[in-house]
Amino acid sequence: MRRILVTSALPYANGSLHFGHILEAVQTDVWCRYQRLRGHECYYVCASDTHGTPIMLKAQSEGVAPEELIARIGAEQRADYEGFLVRHDWFHSTHSPENREYTERIFHALDAAGHVARRTIRQSYDAQAGMFLPDRYVKGTCPVCRTPDQYGDSCENCSATYTPLDLIDPVSVVTGTRPVERESEHLFFRLGAFEPMLRAWTRSGAIHEGVANKLEEWFAAGLKDWDISRDAPYFGFEIPGHPGKFFYVWLDAPIGYMASFAALCRARALDFDAWWCAGSDAELHHFIGKDILYFHTLFWPAVLEGSGFRKPTAVHAHGFLSVNGQKMSKSRGTFITARRYLERLPPEPLRYYFAAKLGSGIEDLDFSLDDFVARVNADLVGKVVNIASRCAGFVARSGGRLAERLPQPALYDEFAGARERIAALYESRDFATAMREIMALADRANQYIDAEKPWNLAKDPARTREVVDVCTQGINLFRVLAYYLAPVLPDLAERAGRFLGHPIAHWDEVAQPLLGTALASYEPLATRLDPKVVASLVEAQPDAADGAASVSSATQPAGATKAAATAKRGGTPSVPAAKTTSDGARSSEAAPTAGAAPGGAATGAQGGAPAAPVTEAAPTEITVDDFAKLDLRVGRVLEAKLVEGADKLLELSVDLGAGDVRTIFAGIRSAYAPDRLVGRHVVVVANLKPRKMRFGTSQGMVLAAGPGGTELFVVSPDDGVQAGMRVK
RNA sequence: GGCUAGGUAGCUCAGCCGGUUAGAGCACAGGAUUCAUAACCCUGGGGUCGCGGGUUCGAUUCCCGCCCUAGCCA
């Protein structure tokens, strides 16, 4: 029996979990459930990652203590994971006594062994806030290409890298004041000394080959010392013997894996040292997103080695998740939180879909709504569950008991014989191939039933026995599939176990068919997804600026979402303040965000937002060229009608001249009766990317002003204007 | 900019250490069936395997260049 300790990246406690987190958690959970089903001793631990500047500032802006903030968010995270059937053996917090203990212990060990250097550095300091500023909390003009409004570490326009001190006209994101330089002594972990060990470890099979290739580049560049201290004020653990200095969040975050396991050990009387001491024969597997490889494949093994602990057996990195082929982005409506999904749909379809797309590599993967509906309905409902569903009735009508023998044992053996192959696929995390194999078997089962046609046999009372035989075969084939799918679909497996009168407990049980036993009454084991409900995952979110769907007046900084959406693409740095802070939260200071979120805008725009209490900044200055990207045109409203099922929308038919008639959904129903609009001239953003909504596609945006509700005012040109004229 | 990964049917993806007519599921068309959650079964249409060179008897698969996408750059 193997002993396996598994972790997934610690979600940062400054926002809600989203699909990216869930992807990683599902991958990890499936792997763990598989290991347990095989009979191994396997523990899955995780924790809320709670330290650092973003959390300190977010708590400040909410007027609560950081402890209160992280307690609240930790509880949300826990509930969201549970909602997706992610079964942690322990979910802890990095702001815990265990984590403090291990962080201090590791620091002392590193220091005693000469792995910690002291050095004075110069850093940006916000005198008004009384704090040193992480690079991403300083903005200014790029010293190389003079693009304004760039972060303190690199330029989005010319990709130059520099320090905040190099910026022209630097500004603190926290207070808007100009930062000054100040010296401070910091502690550095001497990573370079570990290079030989790391080179060997990365080629030991611990990480995917493509990832190891990536690391070559870092070795080639030379490993630099790592700054592991931060100055007060900072939310974290103060460094013993260094008053006013705190451990950098990225030092104590992975130690949180140990802390969480330590808490589990106490609860279950396990021997912590047997798992973590150097030379331990237990396995240690980390599941992470590819964005945080650096920390897990260089710093973390080196820190463990340097402090006398064992190194990870493997670090498994996955790619990023996109939604409908696009980055997750709130302004595009493609940002899906765990909660939003759970409010609408059950967890297992998503678990299956993720599994069906996850391979062992770091390729990105796409959550396509249409594909999701098709795969789940076709595979799970149409194929797998259908096998049981179509056989159950015949057995029930013929005594409710399985036959004593299988009519085609060879076919059963073919199914059961796939178990080692499928097991190997699970083991290597190639879930996608595993799902394909399983679905191919499901096809075979349906073909078998189709060939035997029990419904014909059932017409002849003398052949009842044959009917039961065929269905016994069918139900046994289904049972095998239920085992194979159990790691992905634990709930379905449990209900299948109840139907079969025999719980699904161990992988090897599939070797023997289930014969002669009574079946419970069949209840539907999975239901079809409603495309409409699935589509609502990405429909205009009431608490967000809903892009093309309606006038941009309502609740949010009008420019914000649009600018954010275009900024990256066009390379034009018209990034509004709202994005700033969130990006800062993500990349500069922060910690193991579970990865998967592609792109800062995505994570950032999310409700978990921004730590920094920036002023409600006006949108960034733009150039004439930026403005020219907007195709603003005068349109005449030909038709306006209410949209059934949407209490905010009007469906407009707008003539833009030259025969160009657009359908535009505008969120102005609360202020305008349809009749009031017909015949009027309005201003339309004509080159806005069309946006699919539940009710149709919106092909533009009508401009309006006002706070929302009844206070909405459509913008009108002066008399004499013609439809189609360009606004400039 | 450097690096890593990816660009294969309408969609989501396999395949490819070079080799007969490039695969699957979904979608679509036709047929069959009615046990099953309009599920299942059979048949079919559909791809210049990102673009351009090169190596080779032969390249989607190897090499070079370019384009596009994503991520990382402590």
Side-chain angles (χ1 to χ4, degrees), chain A residues 135 144 153-155 158-161 188-189 191 208-218 220-228 248 250 289-295 297-299 317 319-322 324-327 353 356-357 359 361-395 397 430 432-433 435-437 439-440 442-443 445-459 467 470-471 474 522-529 568-569 587-588 595-600:
Chain A
D135 290 356
V144 178
D153 53 354
S154 68
C155 174
C158 72
S159 303
T161 57
F188 290 80
F189 174 60
L191 182 62
H208 192 262
E209 187 189 335
V211 174
N213 291 343
K214 179 71 186 164
L215 293 187
E216 279 304 325
E217 149 196 352
W218 288 328
L223 300 179
K224 297 182 201 160
D225 290 351
W226 181 39
D227 188 349
I228 54 170
Y248 177 37
W250 259 115
K290 64 182 181 182
D291 55 332
I292 54 174
L293 269 170
Y294 199 90
F295 297 95
T297 56
L298 294 180
F299 295 142
F320 292 107
L321 183 71
S322 55
N324 275 345
Q326 300 189 302
K327 280 197 214 186
Y353 187 68
K357 305 203 81 167
I362 56 174
E363 294 82 43
D364 294 348
L365 53 93
D366 187 49
F367 178 80
S368 154
L369 301 205
D370 294 343
D371 191 43
F372 174 51
V373 173
R375 285 295 277 273
V376 168
N377 288 350
D379 291 357
L380 290 187
V381 183
K383 291 179 182 175
V384 176
V385 162
N386 184 46
I387 301 166
S389 177
R390 67 195 305 193
C391 291
F394 291 115
V395 177
R397 286 189 290 272
D430 194 354
T433 308
M435 294 307 112
R436 261 203 305 284
E437 296 252 352
M439 289 312 137
D443 285 342
N446 277 310
Q447 286 160 9
Y448 165 78
I449 296 164
D450 200 64
E452 299 299 324
K453 299 193 175 22
W455 51 93
N456 281 348
L457 301 175
K459 289 172 187 163
V467 172
V470 167
C471 291
Y522 178 81
E523 309 287 339
L525 292 167
T527 50
R528 313 179 72 76
L529 292 175
K568 196 121 189 180
R569 178 173 293 272
S587 2
S588 77

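Values below: every heavy atom of this structure, side chains too, minus hydrogens, waters and symmetry copies. So you know, we letter chains A, B, ... as the sequences are listed, proteins then strands, and number each from 1.
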### Message
So if I take every side-chain heavy atom of A:N386 and compare against B:C11, B:G71, B:A36, which nucleotide ends up nearest?
### Response
B:A36

### Query
Among B:G71, B:U37, B:C41, which nucleotide sits nearest the side chain of A:K290?
B:G71

### Query
Closest nucleotide of RNA chain B for A:D366 versus for A:A378: which of these residues is on the 5' side?
A:D366

### Message
Given B:C41, B:G25, B:U34, identify the nucleotide with an atom nearest to the side chain of A:K459.
### Response
B:U34

### Query
At under 4.0 Å, does any side-chain N or O of A:K357 touch on OP1 or OP2 of B:C13?
yes

### Task
Provide, to the nearest angstrom, the distance between the CG atom belonging to A:D371 and the P atom belonging to B:A14.
12 Å

### Proximal nucleotide (of B:U37, B:C26, B:C13) relative to the A:V385 side chain
B:U37

## Note on the structure
With the side chain defined as heavy atoms from C-beta on, A:A374 is closest, among B:C26, B:C72, B:A70, to B:C26

### From B:U12, B:C40, B:U34, nucleotide with atom closest to A:W455 side chain
B:U34

### Task
Compare the minimum distances between each of B:U12, B:G71, B:C13 and the side chain of A:R375, then state the nucleotide with the smallest one.
B:U12

### Message
Any base atoms under 4.0 Å from A:V373, or only sugar-phosphate, or nothing? Heavy atoms, all strands.
### Response
nothing

### Task
Let me know the distance between CE of A:M439 and P of B:A24, rounded to the nearest Å.
18 Å

### Any side-chain donor near an acceptor of the partner, A:S389 and A:N386, under 3.5 Å
no

### Task
Please measure how far the P atom in B:G44 lies from the corresponding atom in B:G1, and state the result in whole Å.
49 Å

### Message
Would you say the rings of A:F367 and A:F372 are close, in the sense that their centroids are separated by under 6.0 Å?
### Response
yes

#### Entry: Charged N-O contact under 4.0 Å between A:D371 and A:K357
yes

#### Entry: Side-chain N,O (A:R436) to OP1/OP2 (B:C13) below 4.0 Å
no

